Amino acid sequence: MQFFKVLIFFFLLLLFEKSFAQDASDYLITTKLDTLTGDVEFPLSTKLHDQILIKTGKKKKSYFKAFEVRKAQKDGNNYYPVKFGEVYRMMKLESEGYISMYKYREERSSEFLSTYLLKKDGDGIQKPNRIFFKSAMKNFLSECDLIQIRLNNGDYKIRDLDRLISDYNEICIQSEGVSDDTIIESNTTEDSKTVESPLNALRSEELNPIINDIQGKINSGDEIPGYLLDLLKSKVKDKDQLQLVLDYINQHNSGN
């Protein structure tokens with residue numbers, strides 16, 4: 001009997017150490033570049049921005065909206081905020097390249113099962129269904145002639161999505177000698193030409209995603225939603241610069 005008690009004790013101790021080690025490896029990095037370690041959890045996805053919960057102590061819990069986080073790691077998997085329609089979703093990175101593949105949660109789901117493809121330039125697409133797979137991927141990958149030919153020939157079915165994206169990243173990006181950094185730099189330079197001075201004055205590593213989002217809506221003629229304005233107001237401390245930007249945005253919104 002004593003032997004079994006000792007065995008059970010060591011078994012429970014092993015489980016505790018494994019759980020502790022797993023939680024200790026979880027962390028998130030905020031947009032302010034603060035790193036928090038603890039137990040990372042993802043509350044159910046809703047129509048609003050995804051939230052991330054991190055428990056850094058027995059009774060200490062902190063909630064962050066997806067756009068307030070740069071990265072989270074849980075159980076060895078990396079999660080990033082991705083613009084999804086009008087909201088930000090936390091998505092699990094499956095493969096990385098010029099086109100990266102992510103898994104995200106449908107509304108009211110706790111499982112990261114749905115697939116999202118995201119280009120370095122910010123263009124993204126949900127995994128299309130079987131009927132529209134060929135036409136959707138031809139449109140999404142339109143700049144690569146070889147991939148277009150292969151899609152027309154039926155070389156890629158919906159089950160071959162991983163291979164299709166891998167081939168695109170290798171054939172259409174690397175073979176042309178274009179690095180991801182070059183693409184990002186090119187897009188950043190192009191954005192800088194289109195952004196008016198009030199927005200340019202606010203550019204920083206933390207604010208660039210927000211500014212790019214606002215400028216993208218201005219360029220496409222869309223109204224700037226309130227949540228973006230609230231987010232900008234919470235991040236900009238210089239009231240004079242903020243007012244210049246708000247006047248600029250209000251002028252755009254009033255013209256729609």
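What you see below is based on every heavy atom in this structure, not just the backbone, and it leaves out hydrogens, waters and symmetry mates. These numbers were taken from a predicted model, which means no experiment stands behind them.
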- Message: Test of understanding: clusters of I, L, V, M, F, W, Y form through side-chain heavy atoms closer than 4.5 Å, transitively. Do M91 and I99 belong to the same one?
- Response: no
- Query: With the 4.5 Å side-chain cut-off for hydrophobic clustering, are L244 and L246 part of the same group?
  - Reply: no
- Message: Same cluster or not: V87 versus V82, using hydrophobic residues (I, L, V, M, F, W, Y) connected whenever any side-chain heavy atoms lie under 4.5 Å apart?
- Response: no
- Identified side-chain hydrogen bond (donor to acceptor under 3.5 Å, both in side chains) partner of S45 from the options E107, R89, Q51: R89
- Message: Could you tell me if the side chain of K134 sits less than 4.5 Å from the side chain of N152, heavy atoms only?
- Response: yes
- Query: Does K83 have any salt bridge (Lys or Arg N to Asp or Glu O under 4.0 Å) partners at least two apart in sequence or in another chain, and if so, which?
  - Reply: D213
- Task: Return the set of residues passing salt bridge (Lys or Arg N to Asp or Glu O under 4.0 Å) with E86 (not counting sequence neighbours), or none when no residue passes.
- Result: K217
- Query: Residues two or more places apart in sequence or in another chain: which of them pass salt bridge (Lys or Arg N to Asp or Glu O under 4.0 Å) with K71?
  - Reply: none
- Plane angle bin for F42 and Y79 - parallel if under 30°, tilted between 30 and 60°, otherwise perpendicular: tilted
- Task: Any chance you could measure L36, atom CG, to S62, atom OG, to the nearest 0.5 Å?
- Result: 6.5 Å
- Query: Is the backbone of D75 close enough, under 3.5 Å, to the side chain of D26 for a donor and an acceptor to pair up by distance?
  - Reply: yes
- Is there a path from L141 to L118 through hydrophobic residues (I, L, V, M, F, W, Y) whose side chains come within less than 4.5 Å of each other? no
- Task: Decide yes or no for V236 and V245: does some side-chain heavy atom of the first lie under 4.5 Å from some side-chain heavy atom of the second?
- Result: no
- Note on the structure: Smallest heavy-atom separation, T30 atom then L28 atom, equals CG2-CD1, 3.7 Å
- Closest non-hydrogen atoms of L93 and S100, given as atom of the first, atom of the second and distance, are CD1-CB, 4.1 Å
- Are I224 and L232 joined in one hydrophobic group, where the rule is that I, L, V, M, F, W and Y side chains link up if heavy atoms are under 4.5 Å apart? yes
- Flag the pair R105 / D50 as yes when at least one side-chain heavy-atom distance between them is below 4.5 Å, and no otherwise. yes
- What one should report as the nearest heavy-atom pair of H49 and Y88 is ND1-N, 3.1 Å
- Query: side chain to side chain contact (heavy atoms under 4.5 Å, CB included) with T115: which residues, sequence neighbours excluded?
  - Reply: M101, K103, L117, K127, L161
- Could you list the residues that satisfy salt bridge (Lys or Arg N to Asp or Glu O under 4.0 Å) with D160, not counting sequence neighbours? R163
- Item | Where V69 and P81 come nearest, the two heavy atoms and their spacing | O-CG, 2.9 Å
- If you round to the nearest 0.5 Å, how far is CG of D145 from CZ of R150? 12.5 Å
- Supply the atom-to-atom distance K138 NZ to C144 SG, rounded to the nearest 0.5 angstrom. 13.0 Å
- Note on the structure: In terms of heavy-atom contacts, L164 and L151 come closest through CD2-CD2, 4.3 Å
- Give every residue pair that meets the ring-ring contact (aromatic ring centres under 6.0 Å, His included) criterion with at least one member in residues 115-157, sequence neighbours excluded. F84-Y116
- Query: Between K74 and V40, which heavy-atom pair has the shortest distance, and what is it?
  - Reply: NZ-O, 2.7 Å
- With a 3.5 Å cut-off and no angle check, do the side chains of D247 and Q243 form a donor-acceptor pair? yes
- In this structure, are over 12 heavy atoms from other groups packed under 6.0 Å from K119 atom NZ? yes
- So, does D121 use its side chain to make a donor-acceptor pair with the main chain of D123 at under 3.5 Å? yes
- Taking atom types as modelled, is there a side-chain donor on E143 or Y168 under 3.5 Å from an acceptor on the other? yes
